[in-house]
Amino acid sequence: MLKPPGLLLLTLSLLALAGCSQAQETKEYKPSAVIQQEARSGKPGANQFAAWDLSYIGEYQAALEAWEAPYGAARPVRYASAPDSAAFVALQPVAARDYILRRARTEQLVILNEAHHNPRHRAFAAELLPELARLGYRYFAVEALNEQDTLLNQRGYPTRATGYYTKEPQFAHLLRTAARSGFKLVAYDHGFSHEGDLNAQVQTREMAEARNIQRILQADPKAKILVYCGFAHASEGLMGMGTQPAMAHYLQAYTGINPLTIDQTTLTEAGTPGGEYARYHLVKAAQSAVFLDAQGQPFGGADSNKSVDVSVYHPRTTYQSGRPNWTFTNDRQPVLLKEPLTVGYPCLVLAYDTREDLATAVPVDVVELQGPADRKALALGKGRYTLVAKGPAGRTQTWSLQR
């Protein structure tokens, strides 16, 4: 039987917490064949873990499909009535980046969420950071950070000990962009015991997250903060996390500041068209967009289980050099491998910035190549890189590249 949407999202959130507890033991990037085998194990949350692992190696479409697998065909929450659809189509799409930055000028707290298996959301967030810094935002509070990584701000780049989701290259790019833009990175998540009453544990976590962010304002009352969270933590309503309020609700209550809450997880592509919200299929915009009514008010009601100010639409991904088009942004351009690979196939190719510690740093990019004809490009900015290919039977190959 399909779980109610709110309960299902809460269950996935708890699985995410379970994953975080295993983060420091999961040091290696896995081949997709191994990941897919694990997905078929029947263990609780196996598909969610597979989706995350696939995202880490650049297998975007496979990650989306793995995430969708447990849901089944029935998606009652994803369908809109004819009047709702007609009202939505009448809204005016505007560029999401421009709208958010315009609103951010007069805000003190901006909360932006992501789906933890979808690197597209991190790529969009990274586009916002330099401009938000110019608007005076100095704190980037990130749910996925491990508070035990106390040297993150000093280093300016993530290691595999920085967090669980943060070893995904787009997440690493997001953190590197924040550091270069002058943000102070702040860990604010709260541990989860998995014991006792579920609702009480959820409440404890959401309240503690809000308190941790509130402490930034207690130390710096005029601080402008971007909060980056997962899924429903951005919800301002009374039932954001199943039957419990979410972090965003408590943060407003504790600070007296009404945050600008932005959802990326609803009007975005899924692993199959059947897994997408009906409104997603109604949009014709060619770029990431938000939707305004005749009074200029943004649409935030794409998911009735969330209470947010703005819903962001991301168009369906197109591909360039075997990679999602949004992988190549700003100075990151496609780089095809010219070095003959001797490790065998399939193999993973990991690109490391030579200025960072090769033994611990999160790679700048990762691709999996299935054979000599597989021409997936790495997404690299200007600089020097150490490339490491990992093939079957533990074979490795290392070489240098400058772009």
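As the structure is a computational prediction, the values presented were derived from the model and not from experiment.
- Take Asp149 and apply the side-chain hydrogen bond (donor to acceptor under 3.5 Å, both in side chains) test, not counting sequence neighbours, and it matches Arg155, Thr162.
- No side-chain N or O of Ser32 forms a donor-acceptor pair with one of Glu59 less than 3.5 Å apart.
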Name each donor-acceptor pair under 3.5 Å that joins a side chain in residues 94-101 to protein atoms two or more places apart or in another chain, with its distance.
| residue | atom | partner | partner atom | Å |
| --- | --- | --- | --- | --- |
| Tyr99 | OH | Arg103 | NH1 | 2.7 |

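- Annotation: cation-pi pair Lys167/Tyr29 present, NZ/CZ under 6.0 Å from the ring centroid and within 45° of its normal.
- Counting only residues at least two apart or on different chains, no salt bridge (Lys or Arg N to Asp or Glu O under 4.0 Å) pair has a member in residues 217-244.
- Scored by the side-chain hydrogen bond (donor to acceptor under 3.5 Å, both in side chains) test, Gln61 finds Glu65 as partners (sequence neighbours excluded).
- Residues forming a ring-ring contact (aromatic ring centres under 6.0 Å, His included) with Phe291 (at least two apart in sequence, or on another chain): Phe88.
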Name every donor-acceptor pair, under 3.5 Å, that has one atom in a side chain of residues 375-382 and the other anywhere in the protein, sequence neighbours excluded.
| residue | atom | partner | partner atom | Å |
| --- | --- | --- | --- | --- |
| Lys376 | NZ | Glu368 | O | 2.8 |
| Lys376 | NZ | Asp374 | OD1 | 3.4 |
| Lys376 | NZ | Asp374 | OD2 | 2.8 |

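- Among residues two or more places apart in sequence or in another chain, the ring-ring contact (aromatic ring centres under 6.0 Å, His included) test is passed with His314 by His121, Phe124.
- Sequence neighbours left out, not one pair with a member in residues 341-366 passes ring pair (Phe, Tyr, Trp, His ring centres under 6.0 Å).
- By the side chain to side chain contact (heavy atoms under 4.5 Å, CB included) test, His249 is found to be paired with Leu238, Pro245, residues two or more places apart in sequence or in another chain being considered.
- By the side-chain hydrogen bond (donor to acceptor under 3.5 Å, both in side chains) test, Glu114 pairs with His116, Arg122, Tyr228, sequence neighbours left out.
- In this view, Tyr157 satisfies the ring-ring contact (aromatic ring centres under 6.0 Å, His included) rule with no residue, not counting sequence neighbours.
- Side chains of Pro259 and Val227 form no contact here, defined as non-hydrogen atoms less than 4.5 Å apart.
- Residues satisfying the side-chain hydrogen bond (donor to acceptor under 3.5 Å, both in side chains) test with Arg120, not counting sequence neighbours, are Thr317.
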